[in-house]
> 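Structure below; questions to follow.
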Number of protein chains: 2
Amino acid sequence: MTRRMHLGLFILGTGSHVAGWRYPGAFDSFQDLGQVQAIARTAERGKFDLIFMGDNLYADPAAHPSYTLRLEPLTMLSALATSTSHIGLGATASTTYGDPFSVARAFASLDHISRGRAAWNAVTTANATTAANFGRSHPDHGERYAIAEEFVGVVRGLWDCWDDDAVVADRVSGLYIDPTKVRSLDHDGSYFQVKGPLNIGRSPQGQPVVLQAGGSAPGQRLAARTADVVFSVVQDFEEARRAYAEFKALLPQFGRRAEDVTCLPGVMPVVGRTEREAFDKLATLQSFVSSTNALALLSDRFGTDMSAYDLDGPIPDLALPDSYHSFARVMLAKARREGMTLRDVYNLMAAARGHWVLCGSAQTVADTLQHWFENGAADGFNIMPPFFPEGFEDFVDLVVPILQERGLFRADYEGTTLRDHLGLERPAPRRPG
Amino acid sequence: MTRRMHLGLFILGTGSHVAGWRYPGAFDSFQDLGQVQAIARTAERGKFDLIFMGDNLYADPAAHPSYTLRLEPLTMLSALATSTSHIGLGATASTTYGDPFSVARAFASLDHISRGRAAWNAVTTANATTAANFGRSHPDHGERYAIAEEFVGVVRGLWDCWDDDAVVADRVSGLYIDPTKVRSLDHDGSYFQVKGPLNIGRSPQGQPVVLQAGGSAPGQRLAARTADVVFSVVQDFEEARRAYAEFKALLPQFGRRAEDVTCLPGVMPVVGRTEREAFDKLATLQSFVSSTNALALLSDRFGTDMSAYDLDGPIPDLALPDSYHSFARVMLAKARREGMTLRDVYNLMAAARGHWVLCGSAQTVADTLQHWFENGAADGFNIMPPFFPEGFEDFVDLVVPILQERGLFRADYEGTTLRDHLGLERPAPRRPG
């Protein structure tokens with residue numbers, strides 16, 4: 001079978017650009033379900049594999065509005081499940097501030113509701129501010145990943161408690177559940193003790209799809225062991241190719257094949273009918289950036305207050321917190337490579353929060369994505385529009401048809417579940433012991 | 001204004017009767033959104049105030065199937081929000097096994113998604129089995145209520161962090177959020193430390209509606225202080241009237257008026273076009289009860305293993321756990337009053353889980369509800385159909401028109417939010433300090 005690209009749509013509040021909501025005609029509220037429904041319909045028209053909703057667990061009214069105001073992901077995606085029919089629905093839930101029973105249950109429920117389209121993005125929650133909303137102390141990076149490893153295992157175990165045929169519902173005999181086909185989990189680990197079984201039956205995908213985005217070494221190992229789809233932060237082709245190869249090389253030690261995990265680098269496309277039109281759009285977007293929110297975003301991403309540094313001086317020699325954000329590492333490397341000032345960095349950060357900005361005509365954008373896809377840098381892309389709806393419609397209406405024409409992307413859905421779109425089999429339940 | 005009845009629909013898996021799913025033509029899966037959507041449409045056709053989804057956080061494959069298999073309430077109601085337009089959407093969330101930040105956020109999100117129809121049923125989670133799914137020990141009754149008091153206060157505080165006009169989204173100035181209209185909560189209590197603000201703006205109802213069902217003395221105080229709607233367990237008119245009067249008398253000490261809280265006793269209606277038809281339906285339902293699941297249900301309700309007692313002997317002198325379930329108290333009182341055997345009790349428990357069973361012609365059912373409503377026993381009712389869809393359609397198609405004709409119940413919705421239906425004002429945010 002021809003290898004085909006996979007496309008995810010990343011939804012984050014009003015869009016990934018810090019000031020994208022100021023673009024003429026842009027949607028400016030993601031607390032309005034109608035706007036999100038319109039975006040989801042566009043993504044489905046573009047035959048995307050999935051919509052993916054990022055999340056934070058704190059509000060910072062001074063920062064990127066998309067970080068502070070949004071619908072809660074699971075309720076939002078459940079509402080979208082009824083106004084879409086094919087597209088996958090991925091939500092972030094924290095392994096540091098959630099509990100595995102509730103997470104397993106909510107995603108199983110979304111999988112039932114959407115008839116097999118649920119995906120869970122397991123995040124360890126980097127931002128320490130979060131702890132204050134949960135009356136907790138923020139575990140360090142290493143411990144967060146140790147917790148996450150166990151958490152994901154518990155969730156997957158809970159999803160396997162029920163056999164597909166455990167619900168008998170035999171009106172004649174009165175047997176509703178066959179008790180021999182339901183198992184408790186009896187997990188007793190370092191961080192979690194969870195008895196089970198889950199109080200919801202095995203879901204349409206068997207196991208909802210698991211997404212991961214950790215860029216640090218422990219993050220990569222967690223992804224290699226547990227994820228079906230991996231998002232990554234990249235800034236250029238060579239780096240992306242190296243990261244892709246390194247990640248795929250990790251898989252065999254966890255008994256997995258390269259094709260078991262779909263790697264989707266994040267990219268913010270700014271698309272025009274001509275190069276000129278695209279660069280004008282980007283310039284318009286960048287004109288909306290204020291130094292206040294750009295600095296707040298930069299400080300968040302770097303985990304340190306950046307307002308003390310000279311904006312037009314060289315990049316300071318920052319001691320980053322322990323593997324704080326891949327964004328910081330990738331961005332600082334690029335800045336040093338290209339001799340950027342701090343102002344250059346914050347402008348770039350304001351545009352795509354540290355992700356790759358791909359600006360150009362539809363032809364150029366399609367060519368570049370094809371080049372990455374065909375030369376070992378990606379299995380597809382996580383599309384992060386700067387704003388909605390136009391910033392995304394440009395991609396769907398101008399770029400997707402070129403990819404389809406070249407046979408690089410599906411012309412229509414060939415299945416109904418997210419596993420179908422990703423070419424992943426529906427797993428049989430693993431029985432403990 | 002004429003006082004009008006309020007009606008809630010209680011949804012619990014396949015229905016409130018332990019074997020209702022065996023009734024010919026009954027829905028037998030509540031993991032299928034299509035069935036729940038059909039029920040919600042029927043409730044909206046019947047102009048009900050709200051649908052209310054009960055919940056547990058454990059599975060017991062040997063017990064009532066409705067206790068073990070169901071969609072997760074918040075995801076389910078979010079999905080229903082898009083296929084209904086007026087009816088309120090109430091979900092249970094635990095104050096013992098949840099956290100206030102997540103609960104506040106999820107219900108605010110549902111309120112945005114449904115445009116003002118969200119309600120939270122705050123429960124303390126009586127069943128100790130739950131603890132094993134959360135790696136915790138189960139707090140005793142008194143502590144659960146102390147936690148709940150604080151939890152509800154924190155949630156209400158988080159809902160008040162944002163003023164209605166805090167989201168400015170001014171494209172010209174670039175001001176998205178007016179920081180003077182957002183406050184942190186800075187709650188530092190005995191059980192919770194929650195900084196806030198919430199990462200979602202003030203929702204259409206200002207405060208989603210709060211439901212409560214605790215029957216014990218601490219439960220009644222919590223309800224009197226915090227709830228907008230109260231569900232109760234009753235078995236006869238005199239008892240209901242006394243409980244209603246006692247509860248309304250509690251309200252002034254919390255600075256509230258009798259009309260601030262809507263009291264809805266639970267009732268399972270079994271409705272026929274004639275008395276005979278109704279009693280035949282009930283007999284058919286009861287013929288499906290097996291002693292195994294009835295005893296499991298009874299044991300759950302009484303918090304003790306009932307299989308050791310003689311079914312045809314007198315009611316044993318049970319030492320109930322600390323105010324375990326109102327069901328146990330109410331049911332044991334009725335059993336002693338009426339000289340029932342244990343078998344009688346379990347048959348009654350199997351029918352409606354301890355709630356009042358009202359069986360008769362549509363005329364009789366309407367007359368009885370009217371009598372209760374007009375004589376100080378209820379502000380309306382929480383309707384608990386034994387099974388779906390017929391067990392509920394009978395009520396909507398046969399009883400509701402009689403209530404409407406008598407001017408006891410709305411002929412159509414007069415507003416769009418649940419607060420509108422309940423006659424509750426939209427509150428202004430309370431500012432701390």
Side-chain angles (χ1 to χ4, degrees), chain A residues 14 19 21-22 24 28-29 31-33 56-59 61-62 65 67-72 74-76 78-79 81-83 97-99 101-102 105-106 108-110 112-113 132-135 161 166-167 169 171 174 176-177 179 182 192-201 288 290 293, chain B residues 14 19 21-22 24 28-29 31-33 56-59 61-62 65 67-72 74-76 78-79 81-83 97-99 101-102 105-106 108-110 112-113 132-135 161 166-167 169 171 174 176-177 179 182 192-201 288 290 293:
Chain A
T14 56
W21 61 275
R22 295 178 70 183
D28 64 2
S29 165
Q31 301 188 126
D32 175 356
L33 185 69
N56 286 329
L57 297 171
Y58 69 97
Y67 282 18
T68 282
L69 283 173
R70 69 184 76 170
L71 296 172
E72 182 278 329
L74 276 155
T75 43
M76 186 187 101
S78 299
T82 62
S83 51
Y97 295 100
D99 74 85
F101 192 86
S102 302
R105 186 182 184 213
S109 188
L110 178 62
H112 279 285
I113 287 169
N133 290 329
F134 293 83
C161 286
V167 180
R171 284 171 211 249
Y176 193 85
I177 294 160
V182 189
F192 302 104
Q193 294 76 44
V194 182
K195 185 160 172 34
L198 203 58
N199 55 348
I200 182 166
F288 295 135
S290 82
N293 54 21
Chain B
T14 55
W21 61 275
R22 295 179 70 183
D28 64 2
S29 165
Q31 302 188 124
D32 175 355
L33 185 69
N56 286 329
L57 297 170
Y58 70 97
Y67 281 18
T68 282
L69 284 173
R70 68 184 78 169
L71 296 172
E72 183 279 330
L74 276 155
T75 42
M76 186 187 101
S78 298
T82 62
S83 51
Y97 295 99
D99 74 86
F101 192 86
S102 302
R105 186 183 184 213
S109 188
L110 178 63
H112 280 285
I113 287 169
N133 289 329
F134 293 83
C161 286
V167 180
R171 283 170 211 250
Y176 193 85
I177 294 160
V182 189
F192 302 105
Q193 294 77 44
V194 183
K195 186 161 171 37
L198 203 58
N199 54 348
I200 183 166
F288 295 135
S290 80
N293 55 19

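Sequence lines set the chain letters: A, B, ... in the order given, protein chains first and strands last, and positions in each chain run from 1.
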> Has the side chain of A/Tyr176 got a donor or acceptor atom that lies under 3.5 Å from a matching backbone atom of B/Arg22?
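Such a contact is absent between A/Tyr176 side chain and B/Arg22 backbone.
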
> Under 4.5 Å heavy-atom distance to chain A, tell me which part of B/Phe192 shows up: side chain, backbone, both or neither.
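Neither part, no heavy atoms under 4.5 Å.
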
> Mind checking whether B/Phe134 and B/Leu57 have side chains closer than 4.5 Å, heavy atoms only?
yes

> Counting distance only, does the side-chain N/O of A/Asn133 pair as donor-acceptor with the main-chain N or O of B/Gly196 below 3.5 Å?
yes

> Among A/Val182, A/Asp28, A/Leu74, which has the most heavy-atom pairs under 4.5 Å with chain B?
A/Asp28

> As an exercise: rank B/Thr75, B/Val167, B/Leu33, B/Ile177 by heavy-atom pairs under 4.5 Å with chain A and give me the winner.
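Top option by heavy-atom pairs under 4.5 Å: B/Thr75.
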
> Taking atom types as modelled, find out whether A/Thr82 and B/Ser83 have a side-chain donor-acceptor pair closer than 3.5 angstrom.
no

> Can you list the residues that meet the side chain to side chain donor-acceptor pair (under 3.5 Å) rule with A/Arg105, with sequence neighbours excluded?
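Per chain and number, A/Arg105 pairs via side chain to side chain donor-acceptor pair (under 3.5 Å) with A/Asn199, B/Asp55.
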
> Looking at A/Leu198, A/Asn56, A/Leu110, which one has more heavy-atom pairs under 4.5 Å with chain B than the rest?
A/Asn56

> Quick one: which of A/Asp32, A/Val194, A/Thr14, A/Leu69 has the most heavy-atom pairs under 4.5 Å with chain B, could you say?
A/Leu69

> Hey, which of B/Gly135, B/Ser78, B/Pro61 has the most heavy atom pairs under 4.5 Å with chain A?
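Counting heavy-atom pairs under 4.5 Å, the top option is B/Ser78.
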
> With a 4.5 angstrom heavy-atom cut-off, is it the side chain or the backbone of B/Ala169 that approaches chain A, or both, or neither?
both

> Would you say that A/Glu72 contacts B/Ile200 through its side chain, given a criterion of any heavy-atom pair below 4.5 Å between the two side chains?
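Answer no - side chains too far apart.
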
> So which part of A/Asp99 gets closer than 4.5 Å to some heavy atom of chain B, the side chain, the backbone, both or neither?
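When you check distances to chain B, only side chain atoms of A/Asp99 fall under 4.5 Å.
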
